[in-house]
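Indexing begins at 1, ligand by ligand and atom by atom, following the structure's order. Computed from heavy atoms alone, side chains included, the values below leave out hydrogens, waters and symmetry copies.
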Amino acid sequence: MTEAVALAAWRDRDRAPPENDGGADARGATADAPVAIQFRGVAKTYVSPKGEIGALKNIDLAIPEGRVFGVIGRSGAGKSSLLRLVNRLESATSGTVIVGGRDVGTLDGEALIGLRRRVGMIFQHFNLLASKTVAENVALPLKVAGWRRAEIDARVAEMLDLVGLADKRDAYPGRLSGGQKQRVGIARALAGRPDVLLCDEATSALDPETTQSILALLRDVNRALGITILLITHEMSVIRDICDDVLVLEKGEIAETGPVWRVFGAPRHPATRALLAPLYRELPEDLAGRVLPTPPRHGGEALVELSLTGERAQDLGAITASLGASARILTATLDRIGGRTQGSVLAALAVKSGARLDLPANARVIGYVAADG
Ligand SMILES: Nc1ncnc2c1ncn2[C@@H]1O[C@H](COP(=O)(O)OP(=O)(O)OP(=O)(O)O)[C@@H](O)[C@H]1O
């Protein structure tokens with residue numbers, strides 16, 4: 001079974017289809033959608049031998065249901081602390097954290113266990129049990145929750161189909177790649193049918209290609225099932241590639257928050273601008289200051305890098321065919337090393353808002369410049 005088919009089957013079995021389920025996905029959620037997670041005047045202070053550390057201050061935030069909500073910030077900004085307040089791995093020092101309508105600070109015993117069932121979590125280093133097989137790892141939370149044997153077996157098989165690892169059910173984690181381990185982590189986190197998935201630097205230990213495949217799986221899970229995803233990362237590209245909304249944390253406080261297109265398109269806070277800078281490091285200075293990570297609303301130009309590395313030097317006709325005759329060449333670096341052409345061309349291609357660019361495999365979009373930019 002493919003992931004897409006498995007996701008569709010799971011949605012149909014587990015949940016009533018949403019009212020507007022005519023191909024619409026969870027991203028259609030509007031700002032007045034029900035709130036999945038709310039922070040009201042939250043502060044978190046740790047007490048250490050060296051004194052008090054204010055990890056979070058004045059956090060007021062509402063995360064609507066069905067969104068992919070990203071939190072970014074420098075090291076020590078408070079991202080992990082914020083995430084861990086949601087499933088009460090940490091408790092707020094003051095203020096209120098509300099998940100699914102309940103103040104998590106008031107929960108104990110069965111109610112706290114219930115919260116942790118509604119909130120799944122995946123980790124940077126996967127946190128799998130090395131002595132248990134893939135299937136046993138996925139089954140673990142269901143066993144703890146008291147599911148019956150037959151139900152567990154069926155659910156584990158379903159989850160492994162979902163993440164594309166049905167053939168690895170009896171393997172041990174030590175024999176899996178990083179990407180496969182994270183897929184097991186996702187299967188385990190989703191097995192108990194949570195409403196919220198917390199992702200703690202879930203792709204930071206993975207190579208870029210594997211990162212993309214895990215992000216695509218998370219996006220599919222969000223779209224097909226409407227699960228709210230709250231993720232923390234230090235990589236702006238992860239936010240750009242998967243999130244609907246972003247919160248920028250700086251020294252424990254909210255620097256800015258909003259839809260990704262707005263925050264990345266017009267960053268207001270110096271912390272956001274500093275975090276965005278690496279995305280555009282390779283661009284000439286005059287462009288780097290104006291570049292946007294998402295297509296401008298009213299059209300503009302895409303900045304496209306065409307790699308020309310290969311044994312044969314490409315003729316101009318091939319370059320024109322790749323980029324289109326109206327592409328403007330901005331920069332080019334080309335060399336001939338060891339009988340091979342080495343280099344790339346940076347070009348600007350006009351884009352209309354909402355239109356897709358049809359590019360060959362050796363081209364990638366680095367960013368966009370608004371028509372009036
Ligand atoms: N258990 C703890 N005890 C004491 N101080 C802590 C504890 N956990 C975090 N801190 C401190 O709280 C602040 C925020 O830490 P937190 O881990 O939430 O930030 P972060 O943005 O997730 O950082 P990173 O990206 O480096 O993981 C830091 O100064 C950190 O040293």
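Atom NZ of Lys251 sits in a sparse spot, with 12 or fewer heavy atoms from other residues, nucleotides or ligands closer than 6.0 Å.
Between Arg328 and Glu301 there is a salt bridge, with a side-chain nitrogen of the basic residue lying less than 4.0 Å from a carboxylate oxygen of the acidic one.
Protein residues are said to neighbour a ligand when one of their heavy atoms lies under 4.0 Å from it; for ligand 1 these are Tyr46, Ile53, Ala55, Arg74, Ser75, Gly76, Ala77, Gly78, Lys79, Ser80, Ser81.
Side-chain contact annotation: Gln124 with Asp200, donor-acceptor N/O pair under 3.5 Å absent. Side chains of Thr45 and Glu52: a donor-acceptor N/O pair is absent below 3.5 angstrom, by distance only. Side-chain atoms of Thr106 and Asp103 form no donor-acceptor pair, as typed in the model, at a separation below 3.5 Å.
For Glu235, the salt bridge (Lys or Arg N to Asp or Glu O under 4.0 Å) criterion is met by no residue, not counting sequence neighbours.
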